Amino acid sequence: MAARLAFVSVVVPVYNERESVRPLSEELLRVLRGLGRRTEVLFVDDGSTDGTSEILADLAASEPEIAVVRLRRNFGKAAALMAGFREARGDAIVTIDGDLQDDPAEIPRLLDELEAGADLVSGWKRDRQDAWSKRAASKVFNGVTGAMSGIGLHDLNCGFKAYRSEVVRSLALTGDQYRYIPVLAANEGFRVSELPVNHRQRPYGKSKYGLERYLRGFLDLLTILFVGRFRQRPMHLFGGIGMLFILVGVVICTYLAVLRLTGEGIGGRPLLLLGVLLIVVGVQLFTIGLVSEMIQRYHLRPQDEEARSRVERVIR
Ligand code: UDP
Ligand code: MG
């Protein structure tokens with residue numbers, strides 16, 4: 001049984017949500033004050049330009065639990081979350097979208113799930129209140145990601161999640177990678193679970209994302225799967241493929257050399273081109289592997305910290 005989470009931080013990324021932030025903060029405070037734990041709410045203002053910032057400043061001034069992290073411009077949700085995680089002091093960290101679609105009343109259940117032993121609990125918008133096109137695209141996204149990463153969640157990209165603080169400290173989100181947080185956490189060996197949560201219509205403003213997100217998302221998935229598997233041994237990937245190429249290239253070129261020595265002309269043969277190309281590309285891949293290994297040696301210190309962050313406990 002895991003220890004009780006005494007201090008809960010709620011991180012809310014917001015970009016131009018001026019109608020939503022006040023009602024959301026009221027809902028949040030009502031729920032948090034009923035928890036009987038120490039709590040804080042961190043709104044991360046991701047470069048809003050619609051007056052959200054002024055409303056947040058008011059809220060921070062009047063409510064002791066509320067703080068605002070203002071980003072210099074709109075950096076995107078991953079950057080907003082990272083900025084919030086940096087400031088969050090809780091043992092448990094809850095992220096919730098700032099558009100009132102997620103229901104703060106679900107927070108106690110998410111925390112219960114953490115205390116029951118999960119390291120990350122991801123919300124599952126089982127009855128999702130969005131356009132059918134978005135729901136369909138999301139089904140495909142979750143299916144592909146699930147199949148490629150081996151993570152069996154219904155709704156990876158739900159903005160409503162609860163984490164043990166170790167999990168957020170181990171995350172290094174860049175670009176749009178917030179979509180894959182459960183994959184990243186599972187890569188690090190954290191226990192990831194899922195909980196159906198109430199989902200509501202967006203009452204104000206509009207979604208910041210269209211369908212193009214799924215295209216970019218696929219590239220992010222490749223990056224994450226590659227990094228998860230080979231970050232600490234890039235040579236096994238690049239060197240492996242490189243050696244295979246070189247080997248096949250050498251066999252081809254040896255065969256052609258024998259032909260040439262027996263007097264046959266080989267200058268016009270497409271096979272020659274293939275053999276040479278395989279060797280050249282193979283050497284390049286091999287070199288990329290070596291350079292990657294050196295880059296990763298260069299980062300030994302952070303890796304030492306990483307090694308520490310992977311340890312759950314030490315028994316003496
Ligand atoms: N958001 C943000 N920065 C951005 C885009 C969105 O902080 O560049 C916030 C947004 O204000 C909202 C949350 O991320 O609180 C989820 O965004 P949205 O509701 O537009 O996404 P959807 O629900 O359509 O997936
Ligand atoms: Mg939304």
Side-chain angles (χ1 to χ4, degrees), residues 9-28 41-56 59 66-88 93-104 106-107 122-142 145 153-162 168 171 173-182 197-217 220:
S9 303
V10 178
V11 172
V12 196
V14 285
Y15 175 49
N16 292 347
E17 307 280 3
R18 74 176 159 218
E19 296 93 344
S20 304
V21 286
R22 208 175 273 283
L24 175 62
S25 68
E26 280 160 18
E27 276 192 57
L28 276 172
V41 178
L42 296 163
F43 279 98
V44 185
D45 178 2
D46 187 12
S48 295
T49 52
D50 69 340
T52 298
S53 315
E54 290 69 23
I55 300 170
L56 289 178
L59 285 170
I66 295 184
V68 179
V69 180
R70 159 88 188 168
L71 304 188
R72 225 170 267 120
R73 64 166 170 85
N74 178 239
F75 282 95
K77 196 171 169 183
L81 288 175
M82 287 300 281
F85 290 160
R86 241 188 118 239
E87 296 299 321
I93 292 156
V94 174
T95 59
I96 185 167
D97 280 355
D99 57 4
L100 290 168
Q101 288 200 268
D102 300 326
D103 184 353
E106 302 279 15
I107 290 177
S122 190
W124 167 19
K125 303 176 291 258
R126 190 153 56 180
D127 189 11
R128 187 170 178 178
Q129 304 297 315
D130 282 317
W132 70 269
S133 57
K134 205 175 198 173
R135 292 203 311 268
S138 162
K139 263 224 159 68
V140 175
F141 166 86
N142 283 302
T145 309
L153 294 195
H154 295 86
D155 188 6
L156 283 153
N157 182 23
C158 184
F160 201 13
K161 290 183 166 63
V168 307
L171 289 175
L173 305 178
T174 57
D176 292 341
Q177 291 176 0
Y178 62 88
R179 289 191 192 111
Y180 297 100
I181 288 174
V197 291
N198 182 23
H199 192 243
R200 309 181 289 195
Q201 298 255 356
R202 197 184 226 286
Y204 311 106
K206 55 180 198 300
S207 171
K208 310 298 180 287
Y209 302 99
L211 292 178
E212 84 290 347
R213 67 165 111 189
Y214 294 102
L215 219 70
R216 282 191 261 143
D220 285 335

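Keep in mind it's a predicted model, so treat the numbers as computed, not measured. Side chains included, hydrogens not; waters and symmetry mates left out as well; all remaining heavy atoms used. First listed ligand is number 1; within each ligand, the first listed atom is number 1.
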Legend entry - Residue portion contacting ligand 1 (non-hydrogen atoms closer than 4.0 Å) for Asp97: both
Inset, instruction - Report the part of Val12 (side chain from C-beta onward, or backbone N, CA, C, O) that has a heavy atom under 4.0 Å from ligand 1; answer both or neither where that applies. - result: neither
Legend entry - Pro13-ligand 1 polar pair, N/O distance under 3.5 Å: yes
Inset, instruction - Report yes if Arg128 has an N/O atom closer than 3.5 Å to an N/O atom of ligand 1; otherwise report no. - result: no
Starting from [atom], which protein heavy atom do you reach first, and at what distance in Å?
atom	value
atom 5 (C) of ligand 1	Tyr209 OH, 3.3 Å
atom 19 (O) of ligand 1	Asp99 OD2, 2.6 Å
atom 1 (N) of ligand 1	Tyr15 CB, 3.9 Å

Those atoms of ligand 1 less than 4.0 Å from some heavy atom in [X]:
X	result
Gly98	12 (C), 15 (O)
Glu17	10 (C), 11 (O), 12 (C), 15 (O)
Asn74	3 (N), 4 (C), 8 (O)
Gln101	23 (O)
Asp46	2 (C), 3 (N), 4 (C), 7 (O), 8 (O)
Arg202	18 (P), 19 (O), 20 (O)

Legend entry - Distance-only donor-acceptor check, side chains Arg70 and Ser53, under 3.5 Å: yes
Legend entry - Ser48 side chain to Asp50 side chain, donor-acceptor N/O pair below 3.5 angstrom: no
Inset, instruction - With Arg73 as the cation and Phe75 as the aromatic partner, state whether NZ or CZ is under 6.0 Å from the six-membered ring centre and within 45° of the axis. - result: yes
Legend entry - Gly159 near ligand 1 by a heavy-atom separation under 4.0 Å: no
salt_bridge([X], [Y]) N-O dist < 4.0 Å:
X	Y	result
Arg135	Asp130	no
Asp97	Lys208	no
Glu27	Arg200	yes

Legend entry - Among the N, O or S atoms of Asp99, the one nearest the Mg ion (ligand 2): OD2
Inset, instruction - Please report the closest heavy-atom contact between Ser207 and Lys134, naming both atoms and the distance. - result: OG-NZ, 3.2 Å
Legend entry - Separation of Cys158 SG from Arg126 CZ (nearest 0.5 Å): 13.0 Å
Inset, instruction - Flag the pair Ser122 / Asp155 as yes when at least one side-chain heavy-atom distance between them is below 4.5 Å, and no otherwise. - result: no
Legend entry - Side-chain heavy-atom pair Pro13, Asp46 within 4.5 angstrom cut-off: no
Inset, instruction - Counting heavy atoms only, name the option from Lys134, Lys77, Lys208, Arg179 that's nearest to atom 22 (P) of ligand 1. - result: Lys134
Legend entry - Ser207 near the Mg ion (ligand 2): N/O/S under 2.8 Å: no
Inset, instruction - Please work out which of the three classes, parallel, tilted or perpendicular, describes the rings of Trp124 and His154, given edges at 30° and 60°. - result: parallel
